[in-house]
Amino acid sequence: MEFKDDAILMGPCVGEFYWEAGRFAPLLPFMRRSNSKIQKYPKFIILTRDERFDLYGRYADILVPLKIDGDYTQYVPNCYRLNDFPNSEYERIASDFKRKYEERFNILDHLYPKVDGKHFLNKNQFQVNRMIFSYAPRQENYDLIDSYIPKDKPIVILSPRYRNNVVDPPSVKRRNWPHWQELYSNIRSNNFLMDNFNFVICGKPGEYIPDAEDKFFDITKIKVTRDSSLSGLLLVVLQRACLTCSSQSAIPNLSLLFKVEVLEWGHQKNLHTLVYNHKRTKITFLDDPKYTIPIKPIYRNLLSILQRKIKTGEIKNV
């Protein structure tokens, strides 16, 4: 009888970025710790989009790229699912993944979200007490960030989310805040801010507002390699950041998990200050149900928070 190494499979996970980053991927470091005393450690094999490999990073033994025709265009991520993507096809992908690796390994478990019926919007499919909110992006991400952003100043993340895809529903588009260029201009004209901080724009190509004058660092300008990803670059920047400024979206949620203070505005205050804030990170949340808040309160709070950080010496070492 042929002996097979044990393995645990994770994926596919086809939904929104934060639903994978904050509600699925953190199962992996928990399982690694739980299995750490086993004499023969199981392999952890992950099926996900290659742009999200670093959500699992060095905790994973094998990273398997997931390719879906029409991803992000014909099919739009919505919670744990892709809208209009046939459930039968989703289950086929999961089944083929398991079949492929059970030829080589003894499969101890296969974890992936349920997306049929209303399961796709169940935030609690996987128990929070079985997650560790720790990330270990691959080393190449650190090398790329270190070569692009100097370590002379603490980092402030600007996350100018802006969606305008024709397939995005109105509820997604209404969250587009229209004043990012004005905020950029206010920051650029303030010597205290520019002298004391490195401002880094984090977003996804086609889904954010870049600085028209190109005066800030922007992680989308970094050419990712085979052993890096945009999500990996973001995770590394979060490890060095002292504040994230953003309308309600995935990046401020991740910031809270990294104990990075957040300045945020949107329509779901309780969710984004308490429910998703597992580490009780400091956050200033401004109610803005229509995403039309003017520039003044955002800029005033940004400046006040950073002045306080300098005055109290609470900024982490860079």
Side-chain angles (χ1 to χ4, degrees), residues 7-32 34 42-102 105 107-138 141 172 204 207 228-232 234-235 249-251 253-254 257 276 278:
I8 294 175
L9 307 183
M10 292 181 67
C13 189
V14 300
E16 297 177 42
F17 177 69
Y18 183 72
W19 284 68
E20 183 167 4
R23 302 192 178 114
F24 186 69
L27 294 167
L28 178 55
F30 178 88
M31 289 190 296
R32 287 204 75 96
S34 299
K43 300 288 187 182
F44 291 90
I45 307 172
I46 316 301
L47 174 64
T48 191
R49 302 171 176 98
D50 54 7
E51 75 214 42
R52 300 186 183 181
F53 274 0
D54 286 290
L55 297 179
Y56 308 88
R58 287 171 289 169
Y59 289 123
D61 294 292
I62 301 174
L63 292 161
V64 183
L66 171 64
K67 303 292 184 183
I68 297 175
D69 291 339
D71 202 5
Y72 300 119
T73 53
Q74 180 181 353
Y75 306 114
V76 178
N78 180 6
C79 302
Y80 275 126
R81 77 178 181 191
L82 285 173
N83 282 345
D84 301 320
F85 189 70
N87 189 57
S88 59
E89 181 66 8
Y90 176 74
E91 292 294 340
R92 183 197 64 77
I93 292 171
S95 178
D96 287 352
F97 175 47
K98 183 177 181 180
R99 187 178 304 112
K100 175 181 178 180
Y101 284 95
E102 66 185 0
F105 298 96
I107 307 302
L108 301 179
D109 203 356
H110 181 194
L111 303 173
Y112 62 99
K114 296 179 181 178
V115 300
D116 57 318
K118 293 186 177 181
H119 288 299
F120 78 97
L121 47 69
N122 179 6
K123 298 180 179 71
N124 302 310
Q125 274 199 47
F126 304 99
Q127 297 175 327
V128 173
N129 63 4
R130 295 183 60 81
M131 296 183 185
I132 294 178
F133 298 101
S134 174
Y135 302 87
R138 293 166 293 175
N141 296 283
V172 171
K204 184 178 179 180
E207 297 185 4
S228 63
S229 66
L230 190 59
S231 62
L234 170 64
L235 297 176
S249 59
I251 290 178
N253 289 345
L254 271 176
L257 298 179
Y276 303 161
H278 302 291

For [X] against [Y], the heavy-atom pair lying closest together:
X: K98; Y: I107; answer: CE-CG2, 4.4 Å
X: D69; Y: Y75; answer: O-CE1, 3.3 Å
X: A25; Y: P29; answer: O-CD, 3.4 Å
X: L55; Y: Y135; answer: O-CD2, 3.6 Å
X: F105; Y: A7; answer: CB-CB, 3.6 Å

Residues in side chain to side chain donor-acceptor pair (under 3.5 Å) contact with [X], at least two apart in sequence or another chain:
X: Y18; result: none
X: Y90; result: none
X: E51; result: Y72
X: D50; result: K67

Table please: side-chain donor-acceptor pairs of residues 59-66 below 3.5 Å, with sequence neighbours left out.
from: Y59; atom 1: OH; to: S134; atom 2: OG; distance (Å): 2.8
from: D61; atom 1: OD2; to: R32; atom 2: NH1; distance (Å): 3.3
from: D61; atom 1: OD2; to: F44; atom 2: N; distance (Å): 2.7

### Task
Would you please say whether a donor-acceptor pair under 3.5 Å links the side chains of N83 and N78?
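Note: N83 and N78 side chains meet the donor-acceptor criterion.
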### Query
Any luck finding a side-chain donor-acceptor pair between D54 and S229 under 3.5 Å?
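A donor-acceptor contact under 3.5 Å links the two side chains.
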When you compare the side chain of [Y] with that of [X], does any pair of heavy atoms fall below 4.5 Å?
X: E102; Y: L9; answer: no
X: L111; Y: M31; answer: yes
X: I45; Y: I8; answer: no
X: I68; Y: L82; answer: yes
X: L234; Y: N141; answer: no

### Message
Before you tell me yes or no, could you show the steps for D71 and R49 under side chain to side chain contact (heavy atoms under 4.5 Å, CB included), namely the whole-Å CA-CA distance, both residues' side-chain angles and the distance that decides it to 0.1 Å?
### Response
CA-CA 10 Å; D71 202 5; R49 302 171 176 98; 2.7 Å; yes
### K204 atom NZ, neighbour heavy-atom count above 12 within 6.0 Å
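Check passes, neighbour count above 12.
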### Message
Once rounded to the nearest 0.5 Å, what's the spacing between atom CG of D96 and atom CD of E89?
### Response
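Spacing of CG (D96) from CD (E89) equals 8.5 Å.
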### Task
Report the distance from atom CG of L235 to atom CG of L257, rounding to the nearest 0.5 Å.
10.5 Å
### Message
Suppose we call two aromatic rings close when their centres sit under 6.0 Å apart. Are F133 and H278 close by that rule?
### Response
yes
### Message
Measuring centre to centre across the rings, with the benzene-like ring taken for any Trp, is H110 within less than 6.0 Å of Y112?
### Response
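Aromatic pair counts; centres sit under 6.0 Å.
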### Message
Determine whether F120 and V14 satisfy the following criterion, side chain to side chain contact (heavy atoms under 4.5 Å, CB included), listing intermediate values before the conclusion.
### Response
CA-CA 10 Å; F120 78 97; V14 300; over 6 Å; no
Main-chain N/O of [Y] paired to [X] side chain as donor or acceptor, under 3.5 Å:
X: S34; Y: F30; answer: yes
X: Y56; Y: M10; answer: no
X: R138; Y: R58; answer: no

### Task
Sequence neighbours left out, what pairs pass side-chain hydrogen bond (donor to acceptor under 3.5 Å, both in side chains) with at least one residue falling in residues 122-132?
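Sorted result for residues 122-132: empty, none.
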### Query
When Y80 is tested against each of H119, E16, R23 for side chain to side chain contact (heavy atoms under 4.5 Å, CB included), which residue passes?
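Running side chain to side chain contact (heavy atoms under 4.5 Å, CB included) over H119, E16, R23 with Y80 returns exactly one hit, R23.
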### Among P77, C79, C13, the one residue meeting side chain to side chain contact (heavy atoms under 4.5 Å, CB included) with W19
C79
### Message
Tell me whether R92 forms a cation-pi arrangement with F97, defined as NZ or CZ under 6.0 Å from the six-membered ring centre and within 45 degrees of its axis.
### Response
no
